[in-house]
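Since the structure comes first, as structure tokens, the remarks are kept for the end.
A note on names: the letters A, B, ... follow the listed sequences, proteins ahead of strands, and every chain is numbered from 1. Just so you know, these numbers use all the heavy atoms, side chains as well, and skip hydrogens, waters and symmetry mates.
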Amino acid sequence: MSGTLQRTVIGQGAAMNEQKTQHWADAVASEVAAGGRPPVISTGISPSGEIHIGNMREVLTADAVYRALNDLGVATGFHFVADNFDPLRKVSPFLDRETYAPLVGRPLSEIPCPCGEHESYAAHFLEPFLESLGKLHVHVDVVRADELYKSGRMNQRIVTALQRRDVIVAILKELTGKDMGDDWSPFVPMCNACGRMNGTRVTGFDGGQETVDFTCKCGAAGTLPMAGGGKLQWRIDWPARWLTLGVTVEPFGKDHSTRGGSYDTGIRIAREVFEYEPPHPIPYEWISLKGQGDMSSSKGNVLSIGHMLKVVPPEVLRYMVMRAKPVKTIKFDPGRPLAQLVDQVDDATAKGRDERAMELSRAAGFEPVGVPYKHLVMVAQVARFDLDRVMEILERTGYPGVSRTAVADRLEYASHWLAEFAPEEEKYTVQERLPEEAAGLTEDQRRFLSLLAAGLNDGMEGAAIHDLIYHVSEQFEGTPPAELFQAIYLSLLGKARGPRAGSFIAILGPGFCKGRFAEAAG
RNA sequence: GGGCCGUUAGCUCAGGUGGUAGAGCACCAGCCUUUUAAGCUGAGGGUCGCUGGUUCAAGUCCAGCACGGCUCACCA
């Protein structure tokens, strides 16, 4: 306590509070900046399936550090490696078995697109992802693994790995306890006859000519150029890439961070084989879907980034990642909690928001609306997403002068959210005809509606209708007001609850409601 | 079997270098001339997983245990 007092005096209140706990990205950034090497952040994803918001965390985690380093005034490299030269490992459920079973073992960059509209299988998943990155304002140099290999930039790494094959085997044996076997090679050739990587074997190599000799289970054999003739095994590929790209910081999923995992072996291989100091690690946790566990395509619970970018602005997705420490699991709930998150991002005065995380969440063109999201969602539904009517209602409900473009923008998101993720209580639909639910109205409720209908006239304003409702309800001493209101909502919405009755009726049109209430009264 | 992470109010989580706990949401109450909405104000609510240890003092350090989750075993 005494320490806090001292700091408060020195730090002058609010400014000090912000510095009280440093944001994780700033902590990593200052550590990396002090490391002596020019910072180069790397990140990578294998485009073997739909790239979802779980994968997004990796890139945003890297981007946070990238921005934090920029804020420190440190020039930083930032690239994204698409592992499109990895072989297809299995025929996923969403693929046509006939077509893809024979393609297992061939690189993702070399096999056809599932939908036929992209130039390869890898591109099919990569392109929408890169498009989403643009919207998220992640500005990263994209490095495609197939191009990296085909360009020859990995050749020297391949030569080194083949020459020091025994050192690598010893390291893997020591850290993983596994024997590699006599015919094991750090290089995986791609058969020039059948195009597959899963049945080939290295039989020799020429470091000077940069070629590799191979045999394949398809019966082929021959000599391949190192450039594009295959790739390094993942555990060697990763540290090799660190050296080639000069990587000094890299976030990776917890699957790599376990003891004996690929980062563990990568450290040793980097130092002892490639003579390179491994990058600063940022292990991160998965994003799980509320109630459904981790996202995975086999579970069918994948939410793609492009999909979620239709539901909330990019700033909201960014903020979700920025405010959580990488080691913490993010439980993603696209229902009401996501809507609350929208308010935190929209409202600069929102309590409990993390300002630094907010800064790191900036994308482009975000214009705050200044209307609580729940309210906006309700108004949008009453107005059936008609922008003019929405603006008119907002004007009347205590939010005058809000930006029309900002509202229009937010309505677009709200409609998607309502359609897919909003809880039922948040949804209202004015029924075209008298809802079935109105059949169960009590005698009192019917009489109430009848009297209400009699008092309604076109042109009445919300306040007048409001007064009318209460005036009429006074005649029903024995019936709780709640029941009377239910009659209104049941006959309009088919639900027991709804928006504030007076203005709601005014918006719908007193004439329309007059007829509806009379009909419901029977 | 190895390893990692988590376990703080109903929920989601904050809690640099140890000094008997906080924020948002939810909930409840009051106010706004009288909805079950929105808004404003306020209240309640926690033996900080368990057990020991170090200490004048531990959510905060150490050890062990329990529960939960995850990950690795050269198919990331």
Select base, sugar-phosphate, or nothing to describe what A:Trp238 touches, counting heavy atoms under 4.0 Å on all strands.
nothing
How far does the P atom of B:U8 sit from the matching atom of B:G1, given to the nearest Å? 26 Å
Between A:Ile51 and A:Phe125 the two heavy atoms that sit nearest each other are CD1-O, 3.7 Å
Once base and sugar-phosphate atoms are separated, protein heavy atoms under 4.0 Å mark nucleotides 22-37 of chain B, 5' to 3', with B, S and - as -SSS--------BBBB
Taking only the P atom of each, what is the distance from B:A9 to B:C50 in whole angstrom? 11 Å
Check this one for me: any side-chain N or O of A:Lys178 less than 4.0 Å away from OP1 or OP2 of B:G2?
no
*Provide the distance between the two C1' atoms, one in B:U20 and one in B:A58, to the nearest whole Å.*
9 Å
Taking every heavy atom of A:Phe517 against every heavy atom of A:Ala453, the minimum-distance pair comes out as CB-CB, 3.9 Å
| query | Under 4.0 angstrom, heavy atoms only, what part of the nucleic acid is A:Asp83 near: base, sugar-phosphate, or nothing? | reply | base
Between NZ of A:Lys328 and C1' of B:G68 the distance, given in whole Å, is 13 Å
When rounded to whole Å, the CG to C1' distance for the pair A:Asp183 and B:C74 reads 13 Å
(request) Give a yes or no on whether a salt bridge exists between A:Asp86 and A:Lys231, defined as a side-chain N under 4.0 angstrom from a carboxylate O. (result) yes
The nucleotide from B:G3, B:U71, B:C74 with an atom nearest the side chain of A:Arg259 is B:G3
Checking A:Tyr284, A:Tyr263, A:Trp234 against A:His256 for ring pair (Phe, Tyr, Trp, His ring centres under 6.0 Å), the one that qualifies is A:Trp234
Result for 5'-nearest mapping on RNA chain B, choosing between A:Arg235 and A:Arg241, is A:Arg235
> With rounding to whole Å, what would you report as the distance between B:A43 and B:G3 at their C1' atoms?
Replying inline: 47 Å
A:Met322 CE to B:A14 C1', in whole Å, measures 19 Å
A:Phe252 CZ to B:C72 P, in whole Å, measures 13 Å
Out of B:G39, B:G3, B:C70, minimum distance to the side chain of A:Lys254 belongs to B:C70
A:Asp255 CG to B:A73 C1', in whole Å, measures 14 Å
Margin query: Test side-chain hydrogen bond (donor to acceptor under 3.5 Å, both in side chains) on A:Ser42 and A:Arg241; report intermediate values, then the result.
Written below: CA-CA 10 Å; A:Ser42 184; A:Arg241 180 189 299 170; 5.7 Å; no
| Spacing of the C1' atoms in B:C13 and B:A21 (rounded, Å) | 14 Å
When the C1' atoms of B:C4 and B:A73 are compared, how many Å lie between them, rounded to an integer? 16 Å
Exercise. Taking the P atom of each, how far is B:U60 from B:G52, in whole Å?
Worked result: 14 Å
Just to be sure I understand the rule, does A:Asp237 reach a base, reach only the sugar-phosphate, or reach nothing, if contact means heavy atoms closer than 4.0 Å? nothing
Rounded to whole Å, the NZ-C1' distance (A:Lys173 to B:A73) equals 12 Å
Rounded to the nearest 0.5 Å, the OG atom of A:Ser361 sits from the CG atom of A:Leu60 at a distance of 8.5 Å
For RNA chain B, the dot-bracket notation using Watson-Crick and G-U wobble pairs below 3.5 Å, [ ] for pseudoknot-type crossings and | for other-strand pairs, is (((((((..((((........))))..((((.......))))......(((((.......))))))))))))....
Between A:Glu437 and A:Lys495 (salt bridge meaning N to carboxylate O under 4.0 Å), is one present in this structure? no
query = Is A:Lys495 touching bases, backbone alone, or none of the nucleic acid, heavy atoms closer than 4.0 Å?
reply = nothing
A:Asp354 atom CG is separated from B:A14 atom C1', nearest whole Å, by 10 Å
A:Tyr263 OH to B:C5 P, in whole Å, measures 15 Å
**Asked** B:G2 base to A:Thr258 side chain: any donor-acceptor pair below 3.5 Å?
**Response** yes
Smallest heavy-atom separation, A:Thr176 atom then A:Gly260 atom, equals CG2-O, 3.6 Å
>> If I pick the C1' atom on B:G45 and the same atom on B:G22, what distance separates them, to the nearest angstrom?
In response: 13 Å
- Going through the checks in order, is the side-chain hydrogen bond (donor to acceptor under 3.5 Å, both in side chains) test met by A:Thr329 and A:Glu285? CA-CA 5 Å; A:Thr329 302; A:Glu285 257 284 359; 3.2 Å; yes
Any salt bridge between A:Arg356 and A:Glu359, counting N to O under 4.0 Å?
-> yes
Contacts of A:His256 and A:Thr176 projected onto RNA chain B by closest heavy atom; the upstream (5') one is A:Thr176
key: Any donor-acceptor N/O pair, A:Trp24 side chain to A:Ala324 backbone, under 3.5 Å   = yes
